Structure formats: structure tokens, C-alpha cells
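A short worksheet on the structure shown next.
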Amino acid sequence: MNAARRFAFPLFALLMLALPALPVPDFWITQSNYIGLYALVALGLVLLTGVANLTSFGQAAFVGIGAYTTAFLTVKLAASPWLALLLGVGLAICAALVLGAVTLRMSGHYLPLATIAWGLALNYTMANMDWLGKYDGLLGVPTLHVFGTDLGTGRGLHVLIWAIALLAALGCTHLLDSRPGRAIRALKSGTTMAEAMGISTFRYKLLVFVLAAVLAAVSGWLFAHFQRTVNPTPFALGKGIEYLFMAVLGGIGQVWGAFLGAAVVKLTEDQLQVLLPRLIGASGNFEAIVFGVVLVVVLKYAPDGLWSFISARLPRPRRVRDWDGAPALPARDKPAQGEPLLRVEAVRKEFGGLVAVNDVSFAIDSGDIVGLIGPNGAGKSTTFNLVTGVLPLTAGQVRWRGQSIGGMASRRIARHGISRTFQHVKMVADMTVLENVALGGYMRSASGAIRAMLRLDRAEEKRLFAEAERQLARVGLSEYMHELAGNLALGPQRLMEIARALCTDPALLLLDEPAAGLRYKEKQALAEVLRQLKGEGMSLLLVEHDMEFVMGLADRIVVMEFGTKLMEGTPAQAQASPAVRAAYLGTEH
Ligand code: ADP
Ligand code: MG
């Protein structure tokens, strides 16, 4: 069955590249040219919207940059179209960097709104500049030549358009299956987990936004030499929405969905443009209404897009286990047993009037297992988030091996060797367990997007997967390696989070309620893993609501209530303390 996947791409590529040589009508070639051009833009949106969860309505404007740059340079200055390609792509990158830098640090709706403004502004510019020909645009764009051969606007150009589109698809497929690709796929589930793995989520958002802009600009460059004229209409906001529609319809998040979406939209659009005015008895762009309705229906009944119907019939690609004997990833020098590691000094967190953490202090030395317990709402998770940099401190200080880390971003704290899990499991549900754990190896590897697209990252990938598999074996989860993380029960998911944290090669591991919601058997398995880590000399801070669970594990217990440290001592002392008992009894029943 895997053969279906292996041969699908080469066969499809061969078909598309050979199509012009086959006795097909010119009209087909023209349609296919459009589909290739649209698919390039939609591909960028698949990465941006489908994978990274960012929305852009402004892709048509990036297409316009590519098209206008080459039209202006070749028509007005008789420059080489290849030089124009470089400049057009360069301009698109600059525009995307500026737009992205301004909006991507902010959450939510800023990017979509900014891309709308950008699309409108650029279109207005094109339509009102004398030197860009205003609404008439620029005419007489030359055809492209490759090795002295005139590609024309039909069969010859088809080969170039599809060669570029197929290479882009291949590059994106490679990218998604790589170290930077997993970082991009992690963006969908929020930034907290990715940042805790040492990933700069801002950088990857910017990267995807720039990549989508580049694909759009290349499409625009081809478009100008295909149409041999440019005017503002094809780069208007409406077209930007149509590109988004293609990506959503075809299969948001799936590379080949971009091609399917582009084909379906292009082919039905032509039919509707003829059919609808005849039915309605008036001329107009009525197809927009139909697309609007279809979009709602698709979002409701096939939220994964049309491609999901095809991919459901294909076997899920399975990573071949090819990493045996891969050299280990670099590891950090471990602190000596007993060396002072973490010093939490009077940390304080206020949420408005609520003091969630009230000047709490404690210390962890290398090899310590410290339990942080207390009733619900005591401030344990908040303390945890202060230590790991998820929340900024209101006051106080956190030191790590003598160095102040209070107020540092969580990904920088992670680089010091502090790794954590979350009270509510944070994972990429549609990645395999192995891939999720490999995210933990992010900081110990280096391949970037270009290396990944060119598949120059395979040796490092093997090292990453060998490490991920080792950590999965450590928590007893090897058998679920190829399972999608979202399909696991809560118990194995929590163990997967521990494996991911271990994959960062931590000097201190912080676990936030690892036993919460687990069944008895799962709790036992977890306790066994933690005992084993303790035996290996791992330092642990264990937040737990369940007192029984920590008693057998921890060397020392810190008890919190209402944000304040109630006591610190051995498990026996904590159990004997009337104050602790009162705190638990007071809130429990
Ligand atoms: P625990 O983990 O011990 O159950 P938390 O640290 O989650 O407790 O919460 C401590 C207190 O701080 C609770 O009263 C909670 O409602 C409050 N709190 C936690 N996070 C926030 C937040 N982001 N905004 C406002 N209040 C919060
Ligand atoms: Mg909590």
C-alpha cells in the first residue's frame, strides 16, 4: 500500500510535465497553467493558515508585487526577467518581514487585519500610479526564454510553471517533515509548549509568512509573463480571499490540498461565470456568492477540506525506522550530585487584586526530588510558571546555578536545562508520538528551513529520532511510537510529555500534576518511571494535588495554601503537620 504513496508524486509530476507534449487541446493547457499558478499561492496559505494557524487575506498583493516588478522592469527598463524575479521576490520578502514584524508578536486578529489593509493599500497604489499604468496597467510584457528557447504563453510555459509548482510542493512536504517543520506544526497548539521546548515561535511565524509571500511573488512573476500584461484587478483583495478559499476547500494543512483546491476553484469558476449570468439574467460576478455558500458547507461538513477524502484512502505515511546506530545528540554537562541548582527567592505573582503566589521561597539541589503540594488554587501551577518563565514575576528572583533567570523568556530558561510538562497536556495532536517527543530535541539540533527543504537534514533527523525513541523506551511507551498523539489515552499522553521533556536533556525536570486524571494502573506506571528517574539521579520538582502519590517519591515537601508557603519538610513531617491536614480537609470536603 505504501507504494501508492511512493509512486504517486513521480507519476503526477511526470504527467504534468509531459502534458504539453500530449495531444491535448490548447484550452486544457491554459487551464492547467492557471491551476499551477494558483496552486503556488494556495500552497503558501496551506502552510500559513492550515499548518501554522495564521490567516492572510493579502496574498494577492504579494502576487502583485511579483507581477508588477517584472512587468515594470522588463517593459520600462528592458531588464532581464530573471533579475526581475530576484527583485520581486526580494521586495515580497521585505514587505512580509515588515508586516510580520509589526503584527506577529501580537495575538489573534492583527495579522488578518493587517493583511487586509496591506492588500487594499497595495492595490490602490497599483491603480493610481502613473508609472504603473494606473487601471490600464503595463502592456507588452515579454515572454520568458530558457536556454534560448522561447517558452511562449502556452505549452512551453506550462513546463516551467509546473516544474516550479511541483518543486515547491516537494520542498514544502520536506519542510513539514523536519525539525523546523515540527516547530511550525507546533504553532497551532499555542505558543507555550513550543517556547518551553526552546522554540522561538515568533521566528517560525515570520518564516512561514515570508515563505508564503515568496511563493505568491513567484506565482506573480510567472503570471505576468503568462498574461503578458498586468493590471490591478487580479491582485485585488477579492482575489486574496479567493486564494484563501482554494486553500480551505482543498485541504487546509495538506500540501496537495492546495493543488486540488486550485483546480476545483478554477474549473468551476469558469463554468459558473458562463452559467450563472444566464440563469440570473444579469451580468456580474455571481460565482462569488456560490463560493461563499460552498465555503460554509465545506467548513461545516468537511473541515479538513476535499483532500482529506483522498488522503483517507491512502495509507498514512509511516516513518521507516532507519536511525539505528545514529550517533547520540550532544548532551550537556550534568551538575554534580548535591550542587545547588534552583533558588526560588520570595517570588510573587499578583493577578489584579489576587495574590496567587505570595513571596514563596524554596531550593532544589542536584539529585533532589521536591514535591510541591497544596489544595486546588493554592498557587502551585503559578509558581511553576514563574520558575519556567511562562509568567512574568511581580516580585522576587529565581536563580539557576547562581545565575539570575527571573523574568527570562521561557525558551531561554529551557536552554539552561530546565524542562517541564503541563497540567493540561500540551501536544501536537496530529503528529505521531515520536514526532512530538522529537520536538524536545529541538535545542540539541540545528537544521533550518532551507536545509530541510533540500533534504540535507537527514543525518541529524536520524539522531533526533534515535533520541526520541530512546526517551520513549525510558517511559515505557515504545509501542505507541507511530501512533498519532491525539489518539492516546491521558495516561500515555502524560508519559509522552515526560519523554519530550527528557528529550531536551534537562538538568531539572518540572512535572505539573503528572498523576491528575490517571487511572490506578496508569498512576503505578508513572510512579515507576519517576522512581527510575530518581535512581538515575535526575532532579525533580513535582507538583501534585494527590498527597499519597508524592509521599513515596519526594525527599522534601513544600506545602502551599492560598498562595503562601505553609511549611517545608520531609514527607513524614508534612503528613504529621496539623496545619497541612487542616488545609487539605478545609478545601476538600
Ligand atoms: P494550583 O495549581 O495550585 O491549583 P494555580 O496556580 O493554578 O493553583 O492558581 C492559583 C490562583 O491564581 C487561583 O486562585 C487561580 O484562580 C488564580 N489564577 C491562576 N492563573 C490566573 C490568571 N492567568 N489570571 C488570573 N488568576 C489566575
Ligand atoms: Mg495547578
Side-chain angles (χ1 to χ4, degrees), residues 106-108 189-193 195-196 342 344-362 364 369-396 398 406-407 409-410 413 418-427 490-491 493-495 497-498 501 508-518 522-523 526 530 540-551 553-554 556-569 571 574 577 579-589:
M106 300 185 272
S107 59
S189 37
T191 56
T192 311
M193 184 272 283
E195 293 275 335
L342 188 74
V344 176
E345 297 166 357
V347 295
R348 185 178 187 82
K349 184 68 192 177
E350 295 171 10
F351 294 113
L354 175 80
V355 184
V357 178
N358 189 359
D359 302 338
V360 168
S361 305
F362 59 92
I364 300 178
I369 312 286
V370 177
L372 181 60
I373 67 167
N376 268 328
K380 306 180 297 291
S381 291
T382 307
T383 305
F384 221 77
N385 287 335
L386 294 176
V387 171
T388 52
V390 172
L391 288 172
L393 292 157
T394 304
V398 183
S410 72
I413 292 179
I418 304 180
S419 199
R420 66 169 294 180
T421 64
F422 296 87
Q423 179 171 350
H424 304 286
V425 174
K426 290 188 193 294
M427 59 181 178
L490 184 60
Q493 278 179 355
R494 289 205 188 276
L495 288 173
E497 274 211 317
I498 295 177
L508 172 65
L509 192 57
L510 293 88
L511 307 178
D512 196 351
E513 304 218 18
L518 297 198
E522 293 175 326
K523 265 191 197 183
L526 174 69
L530 298 184
L540 281 172
L541 176 61
L542 191 62
V543 166
E544 230 349 297
H545 172 72
D546 178 347
M547 243 206 316
E548 293 306 312
F549 185 79
V550 270
M551 287 308 164
L553 280 164
R556 219 150 20 89
I557 304 272
V558 176
V559 188
M560 280 181 81
E561 188 193 20
F562 301 125
T564 312
K565 184 165 118 180
L566 205 58
M567 69 151 300
E568 180 173 348
S577 157
V580 173
R581 222 175 282 171
Y584 266 79
L585 286 175
T587 55
E588 287 292 87
H589 299 291

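Read the numbers this way: they start at 1 and go in the same order the structure lists the ligands and their atoms. In this chain, numbering begins with 1 at the start of the sequence shown. Computed from a prediction, not measured in an experiment: that's the story for all the values here.
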Identity and distance of the protein heavy atom lying nearest atom 12 (O) of ligand 1: A356 CB, 3.4 Å
Nearest non-hydrogen protein atom, atom 5 (P) of ligand 1: T382 OG1, 3.5 Å
Heavy-atom pair of closest approach, residues G371 and A554: N-CB, 3.8 Å
Verdict with supporting geometry, E350 and T394, side chain to side chain donor-acceptor pair (under 3.5 Å): CA-CA 6 Å; E350 295 171 10; T394 304; 5.3 Å; no
Side-chain heavy-atom pair F549, L518 within 4.5 angstrom cut-off: no
Per-atom contact, atom 16 (O) of ligand 1, protein heavy atoms, under 4.0 angstrom: no
N/O/S atom of N376 inside 2.8 Å of the Mg ion (ligand 2), strictly under: no
Test item, G377 contacting ligand 1 (heavy atom, 4.0 angstrom): yes
Nearest-contact summary for atom 23 (N) of ligand 1 - protein heavy atom, Å: F351 CE2, 3.5 Å
Candidates L566, L542, V559 - the one meeting side chain to side chain contact (heavy atoms under 4.5 Å, CB included) with I373: V559
E497/K426 salt bridge by N-O under 4.0 Å criterion: no
R494 side chain vs G517 backbone, donor-acceptor pair below 3.5 Å: no
Short N/O/S contact of T382 with the Mg ion (ligand 2) (below 2.8 Å): no
Protein heavy-atom partner closest to atom 8 (O) of ligand 1 - residue, atom, separation in Å: G379 N, 3.2 Å
Side-chain (K565) to main-chain (S361) donor-acceptor, under 3.5 angstrom: yes
Nitrogen or oxygen atoms of S381 and ligand 1 under 3.5 Å apart: yes
Part of L354 with heavy atoms under 4.0 Å of ligand 1, whether side chain, backbone, both or neither: side chain
Between NE2 on residue H424 and OG1 on residue T192, distance to nearest 0.5 Å: 12.0 Å
Atoms of ligand 1 close to A378 [distance to a heavy atom under 4.0 angstrom, numbered from 1]: 1 (P), 3 (O), 8 (O)
Proximal ligand 1 atoms for N376, defined as those under 4.0 Å from one of its heavy atoms: 4 (O)
